[in-house]
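First comes the structure, then the notes that go with it.
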Amino acid sequence: MDQVETIREVFQYLRQFTGTTFVIKVEYPIIQDTLFPVLMRDVAFLHQVGIRIILVPGAKERIDEILKDYHIEGKTIRGIRVTSHEAMPFIKMAAFDVANRVMTSLAASSINAVIGNWVRARGIGVVDGTDFQSAGTVDRVLTEGLRRVLEDGFVPILPCIGWNSTGRPYNISSNELAVVTAARIGAEKLFFLTAGTVFRASEFTVPEGVPIAPGGRISNFSLADLEKFFQLNQDKEEKLELLRMARRACESGVERVHILDGRMEGALLSEIFSNLGSGTMVYSNRYAGIRPMKPTEIIDVLRLMKPFVERGILLPRTEETLTETYQDYIVFEIDDAIHACAALHLYPEGVGEIAGVAVDEQYTHLGVGPKLIGYLLEKAQELGLKRVFVLTVATVDWFLKLGFEEADLSAIPEKKRAAYDLRRRSRILIKELKNEST
C-alpha cells in the first residue's frame with residue numbers, strides 16, 4: 001500500500017506540473033560528484049514528462065581553480081568576487097566549461113540542451129570605496145528568446161556571465177541569476193541544489209508551528225514564518241543566505257522555492273513528487289491547510305479512515321452516511337491531497353460531538369491532529385455550543401492533553417446515550433466551552 005500511495009502522489013503531481021517551468025540552480029561540487037549523471041537523468045525524466053527545465057550551474061569553485069592555475073589573485077567582499085579585467089577571460093572559461101559539462105551529461109540521456117546569452121548585466125561599480133570592476137548584477141533576462149527555446153523542446157543552460165548592451169561581459173552571481181530568471185520567466189518552482197545544505201531545527205531557533213520532518217529537518221516556511229525565523233536567528237546570518245534568496249524569489253512572484261542537498265540520490269524527485277519532500281521549501285501561495293470537506297472527497301476520506309477502522313480505533317462509516325453528514329467534516333490537505341479528517345456533529349442541547357478523527361500516520365509529525373481539534377473547538381464556540389464531547393477507545397491520553405476531562409454517560413445527549421455501544425465501552429471525554437452568551 002505504501003507503493004500504491006507513492007504512485008498516487010506521483011500521478012497527482014504530474015498532472016499538476018506538466019507544462020510548468022522549473023528553474024534549477026546546481027552548485028559546482030554536485031557537478032563534480034559521482035552521482036551527478038544520476039541527477040541529470042532525473043532532470044531528463046522531468047523534461048520528458050512535459051516539465052520545462054532551465055538550468056543554472058554554479059561555477060564558484062571551478063573559477064577558483066582556474067584563477068589559481070593561472071596565478072591570478074582575487075578577493076571576495078560581502079560574497080561578491082572582485083573581478084579584475086585580467087581575470088574576466090578566465091572566469092568566462094570556467095563558467096562555460098561547467099555549462100558544457102552539464103550539457104554533455106544531459107546529452108547522455110538524449111536531452112537536447114543549449115547554452116545561451118539570454119542575460120543582460122550591468123556593472124556593480126564602486127561600493128563603499130571598492131571597485132568591483134567586471135563583477136555585475138542581472139539587468140534583465142531576454143525572456144522571449146528563452147521561451148522560444150523552451151517551446152522548441154530544449155533545456156536552456158545559463159552560465160554565470162551576463163553582457164551589457166555593448167557586449168562587455170560581467171561575472172554575475174549564479175544564485176541571483178537563478179532568482180531573477182525564475183521571476184522573469186514566471187517559473188512555478190525554483191530549486192537550489194546544494195552540496196550539503198540542510199536546515200535542521202536543532203541548529204536554529206524555530207518559530208512555533210513551523211513543520212519539522214522526521215530527523216529534525218525544517219520542512220517548509222510560509223513567508224510570514226520565514227520572517228519570524230530571520231528575527232530569531234540574526235546571529236546566524238551566513239547560514240541564511242539561501243533562505244533570503246528564496247524570500248526574494250517568492251516576493252518576485254515565484255510560488256515555491258526548494259533548498260535541497262543535491263548529493264542525496266533522488267532528492268530532486270522526492271521533493272517534487274512527495275508531499276513530505278526531502279529539503280526545505282519556502283512558499284508564497286497556499287500549500288497546506290484545514291477546510292470543510294467537499295462531497296467529491298467522500299471516497300478519499302473513507303480510504304483515510306479504513307486503517308483506523310480495521311484496528312478498531314474508529315467505527316465504520318459508509319458512503320451513504322458521509323453523504324448525509326459531509327457538512328460536519330473538515331479535512332487537512334497538502335497540495336490538494338487529503339491527509340487528515342475530523343467531524344463536529346451537533347445536538348439540540350447545544351452540545352457537539354467530535355468524531356471521525358483520522359490522520360495519515362506519515363503526517364502526524366506535523367501536529368495535524370491538535371490543529372484539527374483546535375479548528376473544531378473554535379467552530380463550536382462560534383456556534384455558541386456549551387460543551388463538546390468525544391467517545392474514544394484508544395486516544396484518551398491524547399484528548400486529556402488537549403484539555404478534555406473524563407465523564408460518564410449522563411454528560412452526553414440523550415440521543416447519543418441511547419445509541420451507546422456497551423460492548424465497545426468507549427471512554428467519554430468532555431470539554432466545557434466559554435462563549436459570550438454564557
| Would you call E251-R248 a salt bridge at under 4.0 Å N-O? | no
| Are I157 and I54 side-chain neighbours, meaning at least one heavy-atom pair lies under 4.5 Å? | no
Which pairs would a plain distance check flag for residues 103-117, meaning a side-chain donor or acceptor within less than 3.5 Å of a matching protein atom at least two apart in sequence or in another chain?
| unit_1 | atom_1 | unit_2 | atom_2 | d |
| --- | --- | --- | --- | --- |
| T104 | OG1 | N100 | O | 2.8 |

| query | Charged N to carboxylate O below 4.0 Å: is that the case for R81 and D64? | reply | yes
| With the threshold set at 4.0 Å, does a side-chain nitrogen-carboxylate oxygen contact exist between D139 and R122? | yes
| Salt-bridged, E144 to R148, with N to O below 4.0 Å? | yes
| query | Is there any ring-ring contact (aromatic ring centres under 6.0 Å, His included) pair reaching into residues 246-276, and which pairs are they, with sequence neighbours excluded? | reply | F191-H258
| note | For H345 and A355 the tightest heavy-atom approach is CD2-CB, 3.9 Å
| query | Taking everything shown except R244 itself, do over 12 heavy atoms lie less than 6.0 Å from its CZ? | reply | yes
| request: Apply side-chain contact (heavy atoms from CB on, under 4.5 Å) to N175 and E241, showing your working. | output: CA-CA 10 Å; N175 282 344; E241 180 197 354; 3.6 Å; yes
| Spatial distance of atom OG1 (T21) from atom CD1 (I53) [nearest 0.5 Å] | 8.5 Å
| task | Verify whether one side chain among Y375 and R291 offers a donor that lies under 3.5 Å from an acceptor in the other. | result | no
| remark: Closest non-hydrogen atoms of A59 and A95, given as atom of the first, atom of the second and distance, are CB-CA, 4.1 Å
Side-chain donor-acceptor pairs of residues 388-401 under 3.5 Å, sequence neighbours excluded:
| unit_1 | atom_1 | unit_2 | atom_2 | d |
| --- | --- | --- | --- | --- |
| T392 | OG1 | A394 | N | 3.3 |
| T392 | OG1 | T395 | N | 3.1 |
| T392 | OG1 | T395 | OG1 | 2.6 |

| remark: On a heavy-atom basis, the closest approach of F192 and A178 is CE2-CB, 4.5 Å
| message | Check this for me, if you would: do E406 and R427 make a salt bridge, where the nitrogen-to-carboxylate-oxygen distance has to be below 4.0 angstrom? | response | yes
| request: Measure the OG-NZ distance between S173 and K60 for me, rounded to the nearest 0.5 Å. | output: 11.5 Å
| field | Salt bridge flag under 4.0 Å for residues K189 and E271 | value | no
| Strictly under 6.0 Å, is that where the ring centroids of F221 and F199 end up? | no
| So how far is it from M281 CE to I259 CD1, rounded to the nearest 0.5 Å? | 11.5 Å
| field | Residues forming a salt bridge (charged side-chain N to carboxylate O under 4.0 Å, His left out) with K371, sequence neighbours excluded | value | none
| said: If you compare all heavy atoms of A99 against all heavy atoms of P57, which two are closest, and at what distance to 0.1 Å? | reply: CA-CG, 4.2 Å
| Between the side chains of T137 and E176, is a donor N or O closer than 3.5 angstrom to an acceptor N or O? | yes
| Minimum-distance pair of heavy atoms, taken over all atoms of C250 and V282 | SG-O, 3.6 Å
| query | Can we say E203 and K236 salt-bridge, meaning some charged N sits less than 4.0 Å from an Asp/Glu carboxylate O? | reply | no
| Under 3.5 Å, is there a donor-acceptor pair between the Q32 and R101 side chains? | yes
| query | Between the side chains of Y347 and E353, is a donor N or O closer than 3.5 angstrom to an acceptor N or O? | reply | yes
| said: Show every ring-ring contact (aromatic ring centres under 6.0 Å, His included) that has at least one partner inside residues 33-62, sequence neighbours left out. | reply: none
| task | For the pair V56 and V26, evaluate side-chain contact (heavy atoms from CB on, under 4.5 Å) and give the outcome as yes or no after the intermediate values. | result | CA-CA 6 Å; V56 181; V26 187; over 6 Å; no
| request: Apply side-chain contact (heavy atoms from CB on, under 4.5 Å) to F404 and I430, showing your working. | output: CA-CA 5 Å; F404 286 73; I430 65 168; 5.6 Å; no
| request: Provide the closest heavy-atom pair for A201 versus I212 in the form atom of the first, atom of the second, distance. | output: CB-CD1, 3.7 Å
| request: Name all residues meeting the ring pair (Phe, Tyr, Trp, His ring centres under 6.0 Å) criterion together with F90; count only those two or more places apart in sequence or in a different chain, and write none if there are none. | output: Y70
| Would you say the ring centroid of H339 lies under 6.0 angstrom from that of F332? | no
| Could you walk me through whether L158 and W118 pass the side-chain contact (heavy atoms from CB on, under 4.5 Å) check? | CA-CA 8 Å; L158 280 63; W118 299 284; 3.8 Å; yes
